[in-house]
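Report on the following structure.
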Amino acid sequence: MEFLDLTAYAYSESALPMKAVGWLGSEYGVQGGDATPLTGAELQLLKSASLRVRSLMLGVHECEFCWAVEGNGEFRYYLPSGVIHAAPTMIVHYAEEHGYRPPFELLSGLPEAMRPPWDWRAERLCAVLRDESADFVWRADAAVDLALWDDRRAYDALRSVLNDEELVDLAGSEVGRSLAAFSGRAYASDLADGYLHPVVRSGIEKASQIDYRLCVRPVPPLRR
Ligand SMILES: [Zn+2]
């Protein structure tokens with residue numbers, strides 16, 4: 001799937017309006033490829049802001065420039081302007097291996113996107129997460145994204161779904177990973193004591209061991 005940078009995100013329906021970045025393919029080539037490649041510091045910043053993967057079930061995307069790697073899932077960047085950018089996990093590979101330079105509005109907003117201030121986007125994610133009738137993928141993505149906000153309201157929303165059996169069965173480890181982001185906060189000290197579903201517990205325990213690199217991997221030799 002290929003989209004021009006900064007067009008409205010249209011890969012699937014989403015709970016919040018977003019813009020597409022890094023959806024590269026053979027038709028438009030490496031967008032921004034004639035610009036200066038990222039510096040080492042810029043690349044490191046992009047990687048640091050690209051740790052949690054969403055929407056894993058939406059399909060695998062192969063690199064159309066080297067055909068050596070494929071990835072699935074997406075990153076979301078909550079920029080200080082209020083705009084959200086959605087990128088395939090392959091965005092890091094494109095920047096690292098193919099000279100792709102993401103749009104300036106993404107690069108300049110990345111430091112704040114790692115810890116966005118509380119706003120309507122966080123409120124909306126809390127509401128989606130708590131809504132048992134909402135689309136399951138939206139709820140699972142909200143559970144991932146809420147870990148970005150260093151705010152008790154995000155923690156409370158995550159706590160509130162621990163008895164939601166369907167969500168815990170399907171996305172419990174992501175809920176656990178997000179809860180782990182609040183460890184050290186006084187209001188999160190109850191987490192260590194009470195009963196937690198084993199899937200949630202395992203997500204908390206593995207929180208520091210998982211990252212996006214698991215979602216971008218070599219294409220098996222037989223398919224190349
Ligand atoms: Zn490639």
Side-chain angles (χ1 to χ4, degrees), residues 1-14 16-79 83-114 137 140-141 144-145 147-148 171 173-174 177 206-224:
M1 197 60 77
E2 186 172 2
F3 301 105
L4 281 171
D5 276 356
L6 304 182
T7 54
Y9 175 86
Y11 185 64
S12 63
E13 289 192 32
S14 59
L16 296 121
M18 303 191 290
K19 286 186 186 178
V21 288
W23 295 82
L24 306 188
S26 52
E27 187 178 350
Y28 304 122
V30 180
Q31 298 173 43
D34 50 357
T36 319
L38 296 187
T39 63
E42 287 172 327
L43 185 63
Q44 191 50 52
L45 180 61
L46 180 64
K47 288 180 177 178
S48 300
S50 308
L51 295 178
R52 296 290 301 276
V53 178
R54 296 82 170 159
S55 302
L56 276 171
M57 54 287 282
L58 293 181
V60 170
H61 181 79
E62 219 164 301
C63 177
E64 294 180 17
F65 309 113
C66 67
W67 300 101
V69 295
E70 62 184 13
N72 64 339
E74 296 178 3
F75 299 126
R76 306 266 161 85
Y77 309 100
Y78 289 81
L79 302 177
V83 171
I84 306 162
H85 284 185
T89 50
M90 298 288 284
I91 188 174
V92 175
H93 170 80
Y94 296 143
E96 200 163 26
E97 302 295 335
H98 300 296
Y100 170 62
R101 170 168 278 271
F104 176 76
E105 71 173 60
L106 173 59
L107 288 175
S108 61
L110 282 179
E112 287 180 70
M114 286 186 268
V137 175
D141 287 353
V144 172
D145 290 358
L148 290 169
S173 71
E174 293 295 355
R177 278 191 75 188
K206 285 190 288 191
S208 59
Q209 301 166 16
I210 317 166
D211 71 31
Y212 72 91
R213 277 165 288 202
L214 295 172
C215 296
V216 176
R217 59 194 162 262
V219 173
L222 286 175
R223 290 197 359 235
R224 291 169 67 177

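In what follows, every heavy atom counts, from backbone to side chain, and hydrogens, waters and symmetry copies are set aside. Indexing begins at 1, ligand by ligand and atom by atom, following the structure's order.
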How long is the gap from CG on Leu6 to CD on Gln31, to the nearest 0.5 Å? 9.0 Å

Nearest 0.5 Å, please: how far is NE2 in His98 from CD in Glu64? 10.5 Å

Taking the side chain from Tyr100 and the backbone from Gly22, do they hold a donor-acceptor pair closer than 3.5 Å? yes

Do Tyr11 and His61 come within less than 4.5 Å of each other through their side chains, counting heavy atoms only? no

Cationic N near anionic O, under 4.0 Å, Glu174 to Arg54: no

Sub-4.5 Å side-chain heavy-atom contact between Asp145 and Ile84: no

Please give me the protein atoms (N, O or S only) lying under 2.8 Å from the Zn ion (ligand 1), ordered by chain and number. Cys63 SG, Cys66 SG, His93 NE2, His98 NE2

